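Below is one structure; the comments refer to it alone.
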Amino acid sequence: MERTQFTAEVIRQIKSIPAGYVSTYGMIAAMAGNPRAARQVARVLHSCSARDALPWYRVINAGGNISLPRGGGYERQKALLQREGIVFDETDRVDLQRFMWTMPA
DNA sequence: AACCTGACTTCGG
DNA sequence: TCCGAAGCCAGGT
């Protein structure tokens with residue numbers, strides 16, 4: 001697998017998300033240098049999460065929701081996040097204002 | 001090299 | 001606030 005500088009940076013960013021926080025595909029893409037490549041982040045996630053021991057479950061979409069389908073990993077991801085203290089509201093959404101991780105100054 | 005695809009995002013109705 | 005359509009990009013085929 002070839003890893004572009006972008007991909008390598010995406011991996012680094014994902015690894016930097018601390019427990020108890022989440023980030024979005026778009027945010028990671030932006031931090032990796034390409035705000036438009038959110039979809040690539042998803043690709044990196046499902047292809048390198050195991051190999052690079054990435055905390056894949058800390059990545060959700062811009063709407064504060066888990067992007068995996070019910071029965072297709074959704075429950076697992078939600079459980080992992082709740083285990084770290086992330087709170088889901090009645091519509092299974094996460095309060096990004098409160099849990100989204102942002103690079104420290 | 002061209003075409004297809006997706007764990008996304010954004011905008012308009 | 002919710003739904004659909006269009007845009008965007010790197011990788012895989």
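What's counted below: heavy atoms across the whole structure, side chains too, no hydrogens, waters or symmetry copies. What you are looking at is a predicted structure, and each value in this text was computed from that prediction instead of being measured. A, B, ... follow the sequence lines: proteins, then strands. Residue 1 opens every chain.
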Residue A:F6, side-chain heavy atoms: nucleotide from B:dA7, C:dA10, B:dC8 that is nearest
C:dA10
How long is the straight-line distance from CD1 of A:I28 back to CG of A:L45, given to the nearest 0.5 Å?
7.0 Å
Separation of B:dC8 C1' from A:I14 CD1 (nearest whole Å):
13 Å
With a 4.5 Å limit on heavy-atom distance, are the side chains of A:V94 and A:F88 in contact?
yes
Rounded distance (Å) that lies between atom P of C:dA10 and atom CD of A:Q40:
6 Å
With heavy-atom distances below 4.5 Å as the criterion, would you say the side chains of A:F99 and A:L81 are in contact?
no
Within this structure, what is the CG-to-C1' distance between A:N61 and B:dT10, rounded to whole angstrom?
13 Å
When only distance counts, do a donor and an acceptor, one from the side chain of A:R39 and one from the base of C:dG11, lie under 3.5 Å apart?
no
Does a side-chain N or O from A:T24 land closer than 4.0 Å to OP1 or OP2 of B:dC8, or not?
no
Report yes or no: does A:N65 contribute a side-chain atom to a donor-acceptor pair with the main-chain N or O of A:D92 at less than 3.5 Å?
yes
Taking only side-chain nitrogens and oxygens of A:N34, does any of them come within less than 4.0 Å of OP1 or OP2 of C:dA10?
yes
Can you measure A:H46 atom NE2 to B:dC8 atom C1' for me and round it to whole angstrom units?
12 Å
Using a heavy-atom cut-off of under 4.0 Å over every strand shown, decide if A:R93 touches base, sugar-phosphate, or nothing.
sugar-phosphate
Are any of A:T4's side-chain N or O atoms less than 4.0 Å away from OP1 or OP2 of C:dA10?
no
Side chain of A:A37: nearest nucleotide among B:dT9, C:dC9, B:dA7?
C:dC9
Base B:dT5 paired with A:R43 side chain (donor-acceptor, <3.5 Å)
yes
